[in-house]
**Q** 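Dumping the structure here so I can ask a few things about it.
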Number of protein chains: 2
Amino acid sequence: MTVTLADVAARAQVSPATVSRVLNGNYPVAASTRERVLKAVDELDYVLNGPASALAAATSDLVGILVNDIADPFFGIMASAIQGEIGGPGGRAGGERLAVVCNTGGSPERELTYLTLLQRQRAAAVVLTGGAIEDAPHKAAMDMKVRKLIEAGTRVVLCGRPQAPDTGAIALTFDNRGGGQELTEHLIGLGHRRLGYIAGPEERTTTRHRLEGHRDALAAHGIEEDPRWTVHGRYDRRSGYEATLELMRRDPSLTAVVAANDSVALGACAALRDSGLRIPEDVSVAGFDDLPFSMDAVPSLTTVRLPLAEAGARAGRIAMGREEAPPGGIASVRGELMVRGSSGVPRA
Amino acid sequence: MTVTLADVAARAQVSPATVSRVLNGNYPVAASTRERVLKAVDELDYVLNGPASALAAATSDLVGILVNDIADPFFGIMASAIQGEIGGPGGRAGGERLAVVCNTGGSPERELTYLTLLQRQRAAAVVLTGGAIEDAPHKAAMDMKVRKLIEAGTRVVLCGRPQAPDTGAIALTFDNRGGGQELTEHLIGLGHRRLGYIAGPEERTTTRHRLEGHRDALAAHGIEEDPRWTVHGRYDRRSGYEATLELMRRDPSLTAVVAANDSVALGACAALRDSGLRIPEDVSVAGFDDLPFSMDAVPSLTTVRLPLAEAGARAGRIAMGREEAPPGGIASVRGELMVRGSSGVPRA
DNA sequence: AGCGTTGCAGCAAGCGCTTTCTATATACGA
DNA sequence: TCGTATATAGAAAGCGCTTGCTGCAACGCT
């Protein structure tokens, strides 16, 4: 049998109530009594029953972090930062919270189900990371769930995801559009006029915003875009490789390839190299996110740095109520253009 | 107020017991009744109270996954695979489990605390990934916790971590030693005799085993190792960069650098390049793990592929009781040598 | 027709904790 | 010295669910 509060109480010769109070430290207990209780806890190797505690107190110490793809460092970095602030273990004893990261794999159903599961667990807070899926019914369902969660006392923070108006969720959005624009401006500034674009999966806010930024830049410089210059793919290397091959097949005269993110950009680099093209002499390549490996690419990748760790940390603090929410419940986080070796002037 | 089981029961004109049984599907309920109940659940938008359920049933649907560094794809890939098998949402409805990944950051205390937290939540299963910390007191404490968890009915699986004898935990270990040996054999086979080694953090099983494999290979070929040829660092790129600089400073005549993992190897490549050395003409480099980005490095990285996803999936299945544990409760997973562009014959 | 089965639903007793309210003891001021 | 504030501990009522057991029809058997 497992040890219960009552066992500890018996051993310490106090009432269960007192033990509970010692453990929670939210009520005055005489020092001598406290010690006796702690000793008993130790001797019996007592571990609180989480569900029972959560039930009685109507609160839980679970904090959920939803990510699209846990194997992608983009999310890993954010999750790590969020978790760091949640305290998880490592904070002062007692106030321990179990930060749990849930991998949706980009699937709408899983996203929703995880939210339900967290709602079921009466999670203290939930942080949703990464772009949202742009499907009206799904979005409505999500918003509804978020509203329900908040109603039930769960704090909801969006990190790197667009605001969800009228849900009450706090949003820390990334300025994907601005970043995308700046990146393409840079390429145009170098003299590029024929730019391929490898977009992420359709129906994703991140995909759309980055692409819009790219197009804004083109439009601002009077460059008319050829529909053949845009290909959609997934946010991974493989996809970038294939898309680049396709792009160059469609129009070998392209002088630059802008990728939806760094992984895709790396795939693009590989494809270009395998096609016998030099970077950036023949074709310039640009990514997005500035993940750690991007500066190690050869040549190192020109990209837009997103302060993933900082944003995640902030989201975590807000979720824990340790930092004021931004005015209006929304803040936009800017990216920073990192010009490196993979972009240069176009070939003659 | 939130909706409770009783509310649903009232609305469906049945007893709470019946509602519970419909929801759990573990007791015969007439079809007509079931329908009425489900309708009520739907109309009231009822969400089960997880803690209450867990308390009453003395079981939980939580499955914990402990990782050392969630921002590292090595762990991300395993976690993703494990989670995929846990079912998480996405499996058939009803049997939903909340797979939670906990980031220990490599800290012994956090590792232990997370285990306590999971014990507190009465987790259904726990998967511990990655190398263990080789500190006797900590190991003892961990083993004790694991034993307690198992005693309490939690299934514990180690994935990529050495067996913990007498704890009852199932282990899927990686053959780090064999992999390390094979890798160094390869380099020796190419003609290298002066090899630098960038090891991971000390007091880690993974670090030790890989290094031992390396030394086994050297010894097998009668190569005497110079103590200056080994440097310890962290498992990240930065560390690899610095360690390589140090290594080349200590002995510029080294013709190969073997890194503890791929991230470190990438850092090594960067350092060598920055020192004006060509890879592999001047110095060969080898990594370990074969993470996705490794083949994109220029030159692509010679490394040892660990079947992270496969092992994770298997660990997940075992944790869920959907796959037989290996005989003896332990299985060793081999790595596969991937010879690529970063290794070549030594310079004259 | 009588009676053991079988199928389905309800009763009610907890699961192990938290917390309000109450009790006791001690300290204080008048 | 008495009344009242102050500090500390206990009693007990749940929190919302699960489940063993009981109840009661309808059924099939001899």
Side-chain angles (χ1 to χ4, degrees), chain A residues 1-38 40-41 44-62 94-96 117 119-122 124 152-153, chain B residues 1-38 40-41 44-62 94-96 117 119-122 124 152-153:
Chain A
M1 233 351 261
T2 50
V3 183
T4 72
L5 234 210
D7 299 330
V8 176
R11 175 152 247 235
Q13 318 237 58
V14 295
S15 71
T18 301
V19 177
S20 169
R21 300 203 259 244
V22 167
L23 262 25
N24 291 300
N26 53 6
Y27 193 87
V29 173
S32 62
T33 313
R34 179 200 323 287
E35 238 165 77
R36 210 144 28 92
V37 170
L38 291 177
V41 165
L44 294 177
D45 216 358
Y46 170 70
V47 175
L48 186 70
N49 182 316
S53 167
L55 172 58
T59 64
S60 134
D61 49 8
L62 226 65
E96 274 147 3
L117 243 29
Q119 180 182 10
R120 186 177 284 187
Q121 299 299 331
R122 306 303 190 247
Chain B
M1 235 350 259
T2 50
V3 183
T4 73
L5 233 211
D7 299 330
V8 176
R11 174 150 245 228
Q13 317 238 57
V14 296
S15 73
T18 301
V19 177
S20 169
R21 300 203 256 244
V22 168
L23 260 25
N24 290 301
N26 53 5
Y27 195 87
V29 173
S32 62
T33 313
R34 179 200 324 286
E35 238 165 77
R36 213 148 22 96
V37 170
L38 291 178
V41 165
L44 293 177
D45 215 359
Y46 170 70
V47 175
L48 186 70
N49 182 316
S53 169
L55 172 58
T59 64
S60 132
D61 49 8
L62 227 65
E96 275 147 3
L117 244 29
Q119 181 182 9
R120 187 177 282 186
Q121 299 299 329
R122 305 301 190 251

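To find a chain, count down the sequence lines: A is the first, B the second, and so on, and within it residues start at 1. Scope of the values below: all heavy atoms of this structure, side chains included, with no hydrogens, waters or symmetry mates.
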**Q** From CG of A/Leu5 over to P of D/dA11, roughly how many Å is that when rounded to an integer?
**A**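 Whole-Å distance recorded here is 14 Å.
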**Q** Taking atom P of C/dG16 as reference, at what distance in whole Å does atom CZ of B/Arg122 sit?
**A**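 Spelled out: CZ on B/Arg122 to P on C/dG16 is 8 Å.
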**Q** So which nucleotide from C/dA9, D/dC17, C/dG10 ends up closest to the side chain of B/Val29?
**A**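 The closest nucleotide is C/dA9.
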**Q** Using whole Å, what does the distance between atom C1' of nucleotide C/dC8 and atom CD of B/Glu35 come to?
**A**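 Taking CD of B/Glu35 and C1' of C/dC8, I get 16 Å after rounding.
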**Q** Answer yes or no: side-chain N or O of A/Arg21 and base N or O of C/dT20 forming a donor-acceptor pair under 3.5 Å.
**A**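 Donor-acceptor pair under 3.5 Å: yes.
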**Q** Taking side chain to side chain contact (heavy atoms under 4.5 Å, CB included) as the test, write out the residues that go with B/Ala57, two or more places apart.
**A**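 If we apply the side chain to side chain contact (heavy atoms under 4.5 Å, CB included) test to B/Ala57, skipping adjacent residues, the hits are B/Thr59.
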**Q** Which part of the nucleic acid, if any, lies within contact of A/Asn26, taking any heavy atom under 4.0 Å across all strands shown: a base, the sugar-phosphate backbone alone, or nothing?
**A**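 Result for A/Asn26 = sugar-phosphate.
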**Q** Can you pull out the residues from residues 46-58 of chain B that lie within a 4.0 Å heavy-atom distance of DNA chain C?
**A**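 Within residues 46-58 of chain B, the residues near DNA chain C are B/Leu55, B/Ala56.
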**Q** Tell me the interatomic distance from A/Asn24, atom CG, to C/dG16, atom C1', rounded to whole angstroms.
**A**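 So the CG-C1' distance, A/Asn24 to C/dG16, works out to 13 Å.
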**Q** In whole angstroms, how far is the P atom of D/dT8 from the CZ atom of A/Arg36?
**A**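 These atoms are roughly 14 Å apart.
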**Q** I need the CD-C1' distance between B/Gln121 and C/dG16, as an integer number of Å.
**A**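 So the two atoms are 13 Å apart, to the nearest Å.
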**Q** Distance check needed: D/dG20 C1' versus B/Tyr27 OH, whole Å only.
**A**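 Whole-Å distance recorded here is 9 Å.
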